[in-house]
There are 2 protein chains.
Amino acid sequence: MLQIASGVRGGTPSASGPAGPSANSSLLLTESPQWIGGPPSLIERLTPREREIVLKQGRRKVLNRGQTLFSQGAKHDGIYLIESGRIRVFYTSPQGREITLAYWRAGNFVGGPEVFGGGIHQWSGLASSNCSVVHLPGKELRTLATEIPNLAIGLIEGLTFKGKCYSALAQMLGTRSITQRLAHLLLHLMNLYGVEDPDGVVIAAAFTHADLAHMVGATRQWVTISLKRMQEKRIVLTKRSQIVVCRPDVLEEMRGQAVD
Amino acid sequence: MLQIASGVRGGTPSASGPAGPSANSSLLLTESPQWIGGPPSLIERLTPREREIVLKQGRRKVLNRGQTLFSQGAKHDGIYLIESGRIRVFYTSPQGREITLAYWRAGNFVGGPEVFGGGIHQWSGLASSNCSVVHLPGKELRTLATEIPNLAIGLIEGLTFKGKCYSALAQMLGTRSITQRLAHLLLHLMNLYGVEDPDGVVIAAAFTHADLAHMVGATRQWVTISLKRMQEKRIVLTKRSQIVVCRPDVLEEMRGQAVD
DNA sequence: CCGTTATGGTGGATTAGTTGCCGGGAAAAG
DNA sequence: CTTTTCCCGGCAACTAATCCACCATAACGG
């Protein structure tokens, strides 16, 4: 059995962080800051009347932190609208290695890969905080999407955003070293959760080394070592399971500039 | 400057291969065979009348092999419907490393990441064979999508498929070694282009080592070495720039079984 | 107070990337 | 048809990145 990022327990990242400046976005592993924010909430773009129609077709489900919403390999049907909380979507390889595809927040939908039912979950979804979601079955969703253009457009924009996230992740994984990916991730977390502090910018969300490892596709140990090296160079400060970014400029240099 | 996969020339994979059993799919780097085939063609799902309306809004563009359709970093607007040929979509890192996100074939659309205009190309598109595409500007596409449910559904399914491809790629990149990724890729190519042969299954499409390297996120040299090792173990046979898979069973074992 | 979980660390083994060179072959040029 | 050019595959030596199997200690929740 591989030992990766403290085991294969399904990973339960702490989720005590504040909503942050962009409560709508996933943890998008990309280099383009303009993406932070994501698409408009699928629900909020509907008129009150449309919203009512859509929600009537769904079934609400409440999850405690750590609970599984859906499991890789299981059959699936339709999507889950996130009303509140945060869902971690991740893939587990046969060898037990995990990669976090995204943390999705309220306004987004998860499930997939298909939206109109059918198929098999290619990844798992796990509540990384207490959550409330609404399940929309595929068949009903398809009907609704043909009847309510607003909903179809919303789905298209949501899917577009997902495509961006996943391709950005693949881009990082395919072209950067782990250290670079980590530097990038820290900058990203800083933008999402950053809070000013005398020593720099505090990342006000408790991610364990294992969580970070899953996000950049590395082992927990290597993340620990990388962080330590960064600390030696005074780029970051890790005080008590919390990371303070002191030199974002150096991090940016490390990850490689964006292309734009 | 990094030297990756024989340089950063924009990569022009040979494209002499036959259409294969699933002319509609991208090179999906995933482990689920049922995905081969992709969504129904965006155009073909429309009624003749709808098709006419949609195509009237577009502008046809013909590309020779090696020509660039769009470039990472450039502004973009709308999507390109592929009528014939194959488009390689790839990302180049600031250091010059490349990762191929997919080869898209007729029936799919490329461009993005946004479909309704706006934004900046996050990757480049290059004709890896002679192509004919139709450009649909974002604004017009949006209008059409609200008026023609068929089109909206088609976009949704196309985007869903892209999401599958990109997340599958991220999954492979994030959890497998290069050797495993290569084994997986060979199996995948075998399924797409395989032709029976006395020695095994011939992959009847000319991909250079550099092309393969870009697909699995590795250097050309490492692909060469990996292939050589596979050949030593009689798993594959490389005769004359063409790969013959002798032991698909071993390859499957190497990549790690699918989870399903 | 105790079991569990997270951080810190280490040395050895592997994997992977870098640099550089060389020969064959296919395509292009003449 | 012949020559030239350039890509592609092959190879090697060296270095760097990363994984892996442990172990120890520190916090934390109950």
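Predicted model only: the values in this text are computed from it and were never measured. Quick note on labels: first sequence line is chain A, next is B, and so on, each numbered from 1.
- Picking from D/dC20, C/dG8, D/dG10 the nucleotide with the shortest atom distance to the side chain of B/Thr224 gives D/dG10.
- A heavy-atom distance below 4.5 Å is not found between the side chains of B/Asp249 and B/Glu252.
- Look at A/Ser226 and you won't find any side-chain N or O under 4.0 angstrom from OP1 or OP2 of D/dA17.
- Per the geometry, CD belonging to A/Gln242 stands 17 Å off P belonging to C/dA6, to the nearest Å.
- Taking OH of A/Tyr80 as the reference point, atom NZ of A/Lys61 lies at 4.5 Å (rounded to 0.5 Å).
- The C1' atoms of five pairs define one axis at each end of the helix from C/dC1-D/dG30 to C/dG30-D/dC1, and these two axes lie 60° apart (to 10°).
- Side chain of B/Ile178, nearest nucleotide from C/dG17, D/dT18, D/dC19: C/dG17.
- The side chain of A/Thr208 approaches C/dA6 more closely than any other nucleotide in the set C/dA6, C/dG8, C/dG17.
- In this structure, CD of A/Gln95 is placed 13 Å from P of C/dT15, rounded to the nearest angstrom.
- To the nearest 0.5 Å, atoms NZ (B/Lys162) and OG (A/Ser167) are separated by 10.5 Å.
- A straight line from CZ of A/Arg176 to P of D/dA16 spans 21 Å, rounded to a whole angstrom.
- Phosphate contact (OP1/OP2 of D/dC19, side-chain N/O of A/Thr219, threshold under 4.0 Å): present.
- With hydrogens and angles left out, the side chain of A/Arg220 and the base of C/dG8 share a donor-acceptor pair within 3.5 Å.
- Following rounding to the nearest Å, B/Arg229 (CZ) and D/dG10 (P) show an atom-to-atom distance of 15 Å.
- Residue-to-nucleotide contacts include a donor-acceptor pair under 3.5 Å from the side chain of B/Gln221 to the base of C/dT19.
- Between B/Ile99 atom CD1 and C/dG17 atom C1' the separation is 15 Å, expressed in whole Å.
- Here the nucleotide nearest the side chain of B/Ser177, chosen from C/dA16, D/dG10, C/dG17, is C/dA16.
- Contact annotation: A/Trp222 reaches the phosphate of D/dT18 (side-chain N/O to OP1 or OP2, under 4.0 Å).
- Between the side chains of A/Arg88 and A/Thr100, a donor-acceptor pair is found at a separation under 3.5 Å.
- Taking CD1 from A/Ile203 and CG from A/Leu185, the interatomic distance works out to 7.5 Å, rounded to the nearest 0.5 Å.
- In this structure, B/His209 places its NE2 atom 17 Å from P of C/dG24, rounding to the nearest Å.
- One can place CE of B/Met254 at 13 Å from C1' of C/dT15, the figure rounded to the nearest angstrom.
- If you take CG on A/Asn108 and SG on A/Cys165, they are separated by 8.0 Å, rounding to the nearest 0.5 Å.
- You'll find the ring centres of A/Phe90 and A/Tyr103 outside the 6.0 Å limit.
- Distance, A/Ile225 CD1 to D/dC19 P: 10 Å, rounded to whole Å.
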